[in-house]
*Asks:* 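Below is the structure I would like to discuss, written out as structure tokens.
Source: prediction; values computed, not measured. For this chain, numbers begin at 1 and follow the sequence in order.
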Amino acid sequence: MALPKFSMAELIEAGVHFGHKTKRWNPRMAPYLYGVRSGLHIIDLQQTVPLLHRALVAVREVAASNGRVLFVGTKRQAADPVAEAASRCGQYYINQRWLGGMLTNWGTIQASIKRLRKIDEVLGQENNGLTKKESLSLARDREKLERSLGGIKNMGGLPNLIFIIDTNKEDLAVKEAARLGIPVVGILDSNSSPDSITYPVPGNDDATRAIKLYCQLIADSALDGLQESLAKNSADIGESAEVPFAKPEKTADAQLEAAKAEKEQGEQKKQGQGRGKQRHEKQEKKAPVVVKKAAKAIEGEATEKAEPEVVAAPAQASEEKPKKSGKAKKAS
């Protein structure tokens, strides 16, 4: 698949050349305007064609390097084409409302995405133990989060390129991308400003046919880049019978870091050995005291065993007096 082709006739059929009324124009778009017809500005398609081709090349390069492309179009006529095109090429989209800080405050957005996933898991279970009221409230929360974050819940990080339809309506997205240095492909109508747009594409941003044409071309370019990356990977692995796993050569910095790590390990070992010796010496110093205590305890037990047990004889209640015989009484 090659880069998508388009002609000026296709752009004219889609109404890309029609701008806004002359009283609604932005003077900064003067270099991209051809003239005035019936009170409307006419966009110069001779500049649109090469600029659109340059934007398609940029999208293909990002997709070929496994980058992320974010489609942004929140106006009513752009919501469905943006979602369909992004889903078709495996990219991401915002088509309902741009939340402030969606790029600059990505940590908070990730927390909301985690909450959305948890709600999906809970409601996906048959026996979740929730009451009817609790399940209804969770379903409402999921609908709100899905509308705002459903197109980026699998993005996993900041995008590498943003494609925006109607830069006036999506001015927050343009400012956040400029602050983070993310390149922007923007469709610029006669009332738009080309400032902070990396790849400006002058064209009608209100006609449904024109929006569908832009989204189709961007999606085809992303698909072309993905196929190119897959072809490279398959060629690298398939050319050889065995997958090469060559060890990278160590640079000078890597060698210095390895030497430092070895020195630190050696010092740690020496410190561990020194601590072990100190502990052993302390134990040796304490050993005589312990031995003396043990010897005293053994001697005490031996003396207790050697002494005979003295059993006290029961004392007689009264000593028996010798009885005098009768003869002795008479003699007295």
Side-chain angles (χ1 to χ4, degrees), residues 1-64 69 71-73 75-82 84-86 88-89 91 93 161-170 174 183-228:
M1 183 177 179
L3 194 69
K5 296 180 180 180
F6 61 95
S7 62
M8 191 178 293
E10 293 177 356
L11 299 180
I12 292 172
E13 289 178 3
V16 176
H17 59 292
F18 289 116
H20 286 277
K21 292 182 179 180
T22 54
K23 58 184 178 182
R24 289 185 58 194
W25 78 306
N26 190 333
R28 295 181 180 179
M29 286 295 294
Y32 302 106
L33 300 179
Y34 180 77
V36 180
R37 181 179 178 183
S38 301
L40 298 175
H41 275 118
I42 304 299
I43 296 171
D44 189 3
L45 294 183
Q46 291 183 351
Q47 298 186 51
T48 301
V49 171
L51 291 174
L52 181 56
H53 182 269
R54 186 166 70 101
L56 297 179
V57 171
V59 172
R60 183 183 63 178
E61 290 177 354
V62 170
V69 180
F71 290 65
V72 180
K75 57 170 54 179
R76 180 178 54 82
Q77 59 268 38
D80 292 337
V82 161
E84 292 175 2
R88 184 166 65 87
C89 63
Q91 300 299 328
Y93 65 90
L161 186 140
I162 303 177
F163 167 63
I164 298 177
I165 296 174
D166 194 351
T167 57
N168 288 341
K169 186 175 177 61
E170 314 301 340
V174 174
V184 176
V185 175
I187 305 299
L188 305 178
D189 210 332
S190 60
N191 64 339
S192 301
S193 174
D195 296 341
S196 302
I197 306 298
T198 314
Y199 303 99
V201 180
N204 188 354
D205 60 4
D206 296 313
T208 304
R209 292 180 64 186
I211 292 172
K212 288 182 179 179
L213 179 61
Y214 302 144
C215 293
Q216 180 183 355
L217 292 174
I218 296 294
D220 291 341
S221 300
L223 287 172
D224 184 26
L226 291 174
Q227 289 184 358
E228 183 180 350

*Asks:* List the atom of S221, the atom of V59, and the distance in Å for their closest heavy-atom pair.
*Replies:* CB-CG1, 4.1 Å
*Asks:* Between N26 and S190, is any pair of side-chain heavy atoms under 4.5 Å apart?
*Replies:* no
*Asks:* Does a side-chain heavy-atom distance below 4.5 Å link T22 with L40?
*Replies:* no
*Asks:* With side chains defined as the heavy atoms from C-beta onward, is the minimum distance between R209 and V16 less than 4.5 Å?
*Replies:* no
*Asks:* Keeping to residues at least two apart or across chains, list the ring-ring contact (aromatic ring centres under 6.0 Å, His included) pairs with something in residues 2-29.
*Replies:* W25-H41
*Asks:* Which pair of heavy atoms, one from G186 and one from T167, lies closest together, and at what distance?
*Replies:* CA-CG2, 4.1 Å
*Asks:* Taking side chain as C-beta onward, heavy atoms only, is E10 less than 4.5 Å from S7?
*Replies:* yes
*Asks:* In terms of heavy-atom contacts, does CZ of R28 have more than 12 from other residues, nucleotides or ligands at under 6.0 Å?
*Replies:* no
*Asks:* Run the numbers on I197 and V174 for side chain to side chain contact (heavy atoms under 4.5 Å, CB included), then give the verdict.
*Replies:* CA-CA 8 Å; I197 306 298; V174 174; 4.0 Å; yes
*Asks:* Suppose the criterion is ring-ring contact (aromatic ring centres under 6.0 Å, His included): which pairs have a residue in residues 192-226, not counting sequence neighbours?
*Replies:* none
*Asks:* Please tell me if the side chains of C215 and I165 come closer than 4.5 Å, counting only heavy atoms from C-beta onward.
*Replies:* yes
*Asks:* Using every non-hydrogen atom in the two residues, find where P202 and I43 come nearest and quote the distance to one decimal.
*Replies:* CB-CG2, 3.7 Å
*Asks:* Where do A55 and V185 come nearest, in terms of heavy atoms and distance?
*Replies:* CB-CG1, 3.7 Å
*Asks:* Grab the two heavy atoms, one from L56 and one from L217, that are nearest each other, plus how far apart they are.
*Replies:* CD2-O, 3.6 Å
*Asks:* So do I187 and F163 actually touch side chain to side chain, heavy atoms under 4.5 Å?
*Replies:* yes
*Asks:* Any idea which heavy atoms bring V49 and M8 closest together, and the distance?
*Replies:* CG2-CE, 4.2 Å
*Asks:* Around atom CZ of R88, are there more than 12 heavy atoms of other residues, nucleotides or ligands at under 6.0 Å?
*Replies:* yes
*Asks:* Would you say NZ of K212 has more than 12 non-hydrogen atoms from neighbouring residues, nucleotides or ligands within 6.0 angstrom?
*Replies:* no
*Asks:* Any side-chain heavy atom of L33 sitting closer than 4.5 Å to one from I42?
*Replies:* no
